Asker: 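I am attaching a structure below and will ask some questions about it afterwards.
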2 protein chains.
Amino acid sequence: MAQVARVSKMTVSNVLNGKPNVKASTRQRVLSAVEATGYRANPVARALAGQRHRLLSLVARRSNLPYVTEVIRGASEAAEALEYDLVVLMVGQRQSSDLSLFLRLSQGAAFVHADAPGLGVPPGDLPLHCVTVDGPTHDSLRVDNLGGSRAATRHLLELGHTRIAFVSGLLALSPEASLGRSDAAERLRGYQDTLEEAGLTLPEAYLQHGDYSPESGERAARALLALPEPPTAIFAAGDAMAVAVIHAAQDLGRRVPTDLSVVGFDDLPFFRGVRPALTTVAQPLGSLGEEAVRHLARLAQGETPAALPPPLATTLVVRDSAAPPPPHQSIQTP
Amino acid sequence: MAQVARVSKMTVSNVLNGKPNVKASTRQRVLSAVEATGYRANPVARALAGQRHRLLSLVARRSNLPYVTEVIRGASEAAEALEYDLVVLMVGQRQSSDLSLFLRLSQGAAFVHADAPGLGVPPGDLPLHCVTVDGPTHDSLRVDNLGGSRAATRHLLELGHTRIAFVSGLLALSPEASLGRSDAAERLRGYQDTLEEAGLTLPEAYLQHGDYSPESGERAARALLALPEPPTAIFAAGDAMAVAVIHAAQDLGRRVPTDLSVVGFDDLPFFRGVRPALTTVAQPLGSLGEEAVRHLARLAQGETPAALPPPLATTLVVRDSAAPPPPHQSIQTP
DNA sequence: TTGTACGCGTTATCAG
DNA sequence: CTGATAACGCGTACAA
């Protein structure tokens with residue numbers, strides 16, 4: 001290659017990297033030689049020589065894909081806007097042996113629903129910068145679960161409901177697992193706090209424990225609606241459960257929202273097709289990916305006091321599945 | 001590192017690569033030194049030295065995520081089963097500059113909804129093996145659109161429908177773009193062929209052109225239901241349109257499937273929450289990813305006559321949105 | 001069985 | 001402004 005242009009490879013390197021110290025005529029000669037040969041620098045060699053690529057990695061567990069897909073989309077768009085490349089590494093439970101390759105090549109890595117040690121990545125392989133998104137560690141990029149849960153509960157109160165049941169997500173089993181991974185707990189607390197502030201105390205049976213699965217949602221709904229004094233509203237900590245609640249209620253002859261109001265949490269595009277359209281708390285999943293990438297980019301640029309953004313705002317999206325309670329609440333308990 | 005074990009790096013290399021020609025005692029010494037230092041071979045240098053990693057790349061356009069997500073899932077699972085690593089490269093319209101890095105590192109690459117030239121990848125950067133999944137080129141891994149479309153149409157005929165409308169997908173605009181990318185055309189043809197074989201000729205207005213978007217589905221539904229002799233069944237070439245058709249029909253006071261049957265195409269998990277549950281043609285999207293990976297793995301192992309698998313079977317999934325037509329069809333045209 | 005020398009393709013350093 | 005030389009960290013081939 002260098003022969004073709006009759007210069008040293010050094011000069012070729014300088015030309016390709018846009019260094020200013022090349023005479024215009026030489027540069028032209030090199031450029032046309034490059035053109036002629038279709039030559040392209042070998043990125044692997046470049047990496048070995050110590051250059052870091054404008055590259056970010058995103059490592060995601062293959063579970064809950066509908067969730068991570070949105071995060072990936074946001075991350076990918078942000079990366080493109082910032083002129084970074086983004087590779088997505090999908091991992092199962094086993095650690096991916098060549099994770100380290102990409103981690104070395106990248107300027108930073110975001111771990112979604114996981115963290116590096118959790119994936120068996122040796123510290124030595126870590127690139128300069130890391131973020132975990134909704135991960136087990138404390139310094140994780142998060143969403144305001146508490147605020148969203150409060151907003152949803154408040155919404156139901158404002159509609160006039162007093163008998164509001166809750167279907168929880170999967171609460172942490174082990175103490176370690178709970179470290180930070182407290183979505184379900186925060187959503188539960190938002191519900192409980194808001195009711196308490198409103199001076200309401202509800203029967204224990206109004207709190208059902210689910211695990212985010214549709215099955216658990218259906219079970220909870222059947223249990224709640226079989227109660228002597230059933231709730232007029234059910235707030236489920238996840239959309240999948242909320243949709244299952246709607247369907248179970250409909251199967252039991254209840255109209256939603258006329259007879260029963262249902263509110264979800266997530267606003268996954270996945271469930272946009274449901275009718276009645278689900279009133280739910282939207283998590284900014286795309287923004288989660290965006291912010292992760294932005295934060296990584298900031299770190300890469302050397303902004304030392306690059307603080308993690310505060311929990312991202314969740315917003316209540318009012319659609320059709322929640323309405324005022326039926327006027328004659330006591331019809332079932334004469 | 002070599003110093004620690006008091007051997008040459010050569011021996012370290014041999015130990016790490018499991019070569020048999022090392023004395024057991026030496027191997028032990030190296031192993032414990034590796035353990036102690038936490039040493040790991042640098043994958044970049046290894047790649048530069050000419051080693052190909054057990055790595056496959058999957059390049060996907062960031063558009064239609066619900067679709068590609070399923071393909072990715074299948075590919076990722078298959079890769080794990082085959083003990084390959086898989087990197088996913090999400091690209092926008094612009095070509096990703098570092099695509100070539102990964103392409104060089106991989107043993108093969110699958111392009112979903114795209115092909116290498118289409119992404120501006122120079123041929124020199126291509127790894128040994130490529131597959132395109134549902135891409136523009138002719139040698140692309142595909143799904144049996146024709147068969148699925150025929151099955152759906154036949155199903156409606158067997159239910160007793162004779163007034164069956166069709167909402168097409170986005171038909172190719174330019175001649176080049178149509179090369180292979182003929183999903184929409186094949187689905188249309190399956191519908192037309194089947195009706196023809198049944199000896200039915202339908203009014204031109206029963207063929208509506210959509211573009212896979214919900215909006216186009218709604219438009220088509222409104223147009224069809226406003227006809228003097230509206231169809232009793234609507235077959236939409238995509239789930240998103242089918243769902244839009246259902247909703248539009250319901251908004252116009254039609255019951256689905258009592259008054260109107262609706263059949264979709266895709267079976268995206270995205271729309272599983274819809275009620276009535278959508279009768280639709282399932283595309284094996286996960287299998288598409290799996291087969292792509294398997295094919296790549298076969299090629300990588302040197303199976304020369306590795307033929308591309310035939311189009312993957314689609315299957316009609318009968319759920320609740322299609323039923324026999326209402327008995328008195330002529331009520332609207334006295 | 002183990003060690004030496006060289007090459008992979010690039011960039012940094014420093015000399016010319 | 002340009003070119004020679006030395007890394008980068010590993011694998012391969014061959015020699016000891």
Side-chain angles (χ1 to χ4, degrees), chain A residues 1-34 37-55 85 97-98 100-107 122 124-128, chain B residues 1-34 37-55 97-107 122 124-128:
Chain A
M1 163 56 213
Q3 343 251 22
V4 182
R6 298 186 325 177
V7 289
S8 75
K9 37 187 182 177
M10 196 52 244
T11 308
V12 176
S13 170
N14 283 333
V15 169
L16 259 49
N17 293 9
K19 296 271 171 67
N21 50 343
V22 199
K23 206 200 302 179
S25 65
T26 314
R27 161 164 287 143
Q28 266 318 317
R29 191 147 40 90
V30 173
L31 249 32
S32 49
V34 164
T37 35
Y39 171 83
R40 305 203 47 189
N42 180 339
V44 180
R46 181 177 294 201
L48 183 61
Q51 298 300 98
R52 257 124 161 137
H53 295 228
R54 262 187 98 72
L55 177 71
D85 287 311
S97 53
D98 272 332
S100 51
L101 170 60
F102 302 101
L103 264 28
R104 291 185 102 110
L105 259 30
S106 316
Q107 295 192 352
D125 280 349
L126 286 183
L128 262 53
Chain B
M1 44 89 174
Q3 344 249 21
V4 181
R6 300 187 324 175
V7 290
S8 74
K9 38 187 181 182
M10 185 54 238
T11 309
V12 176
S13 169
N14 282 335
V15 170
L16 261 49
N17 294 9
K19 295 270 171 69
N21 50 344
V22 200
K23 206 200 302 178
S25 66
T26 314
R27 161 163 289 143
Q28 266 317 317
R29 191 147 41 89
V30 173
L31 247 32
S32 51
V34 164
T37 36
Y39 171 82
R40 306 201 46 187
N42 180 339
V44 180
R46 183 178 292 200
L48 182 60
Q51 300 299 95
R52 232 60 207 171
H53 295 228
R54 266 194 143 254
L55 177 71
S97 54
D98 272 332
L99 228 51
S100 50
L101 170 60
F102 298 100
L103 265 29
R104 292 185 102 111
L105 259 31
S106 315
Q107 296 193 355
D125 279 349
L126 286 183
L128 262 54

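Note on naming: letters A, B, ... go to the chains in the order of the sequence lines (proteins, then strands), and numbering restarts at 1 for each one. Here the structure is a predicted model, which is why all the values come from computation and not from measurement.
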Asker: Should B:T11 be listed as having a side-chain N or O under 4.0 Å from OP1 or OP2 of C:dT1?
Answerer: no

Asker: Hey, is the main chain of A:K9 close enough, under 3.5 Å, to the side chain of A:S13 for a donor-acceptor pair?
Answerer: no

Asker: Would you confirm whether A:N17, through its side chain, and A:K19, through its main-chain N or O, come within 3.5 Å as a donor-acceptor pair?
Answerer: no

Asker: If only side-chain N and O atoms of A:T26 are considered, is one of them under 4.0 Å from the OP1 or OP2 phosphate oxygen of D:dC1?
Answerer: no

Asker: What is the separation between atom NE2 on B:H53 and atom C1' on D:dC10, rounded to the nearest whole Å?
Answerer: 10 Å

Asker: Using a 4.0 Å heavy-atom cut-off across all strands, classify B:V22 as base, sugar-phosphate, or nothing.
Answerer: sugar-phosphate

Asker: Could you tell me whether the side chain of A:T26 and the main chain of A:V22 form a donor-acceptor pair under 3.5 Å?
Answerer: no

Asker: Produce a footprint string for nucleotides 5-16 of chain C: one letter per nucleotide, 5' end first; B if the base is under 4.0 Å from any protein heavy atom, S if only the sugar-phosphate is, - if neither.
Answerer: ---BBBSB----

Asker: Atom CD of B:Q107 and atom CZ of B:R54: how far apart are they, to the nearest 0.5 Å?
Answerer: 6.5 Å

Asker: If we only count heavy atoms from C-beta on, is the A:S106 to A:H53 side-chain gap below 4.5 Å?
Answerer: no

Asker: Please answer whether the main-chain N or O of A:V7 pairs with a side-chain N or O of A:T11 as donor and acceptor at a distance below 3.5 Å.
Answerer: no

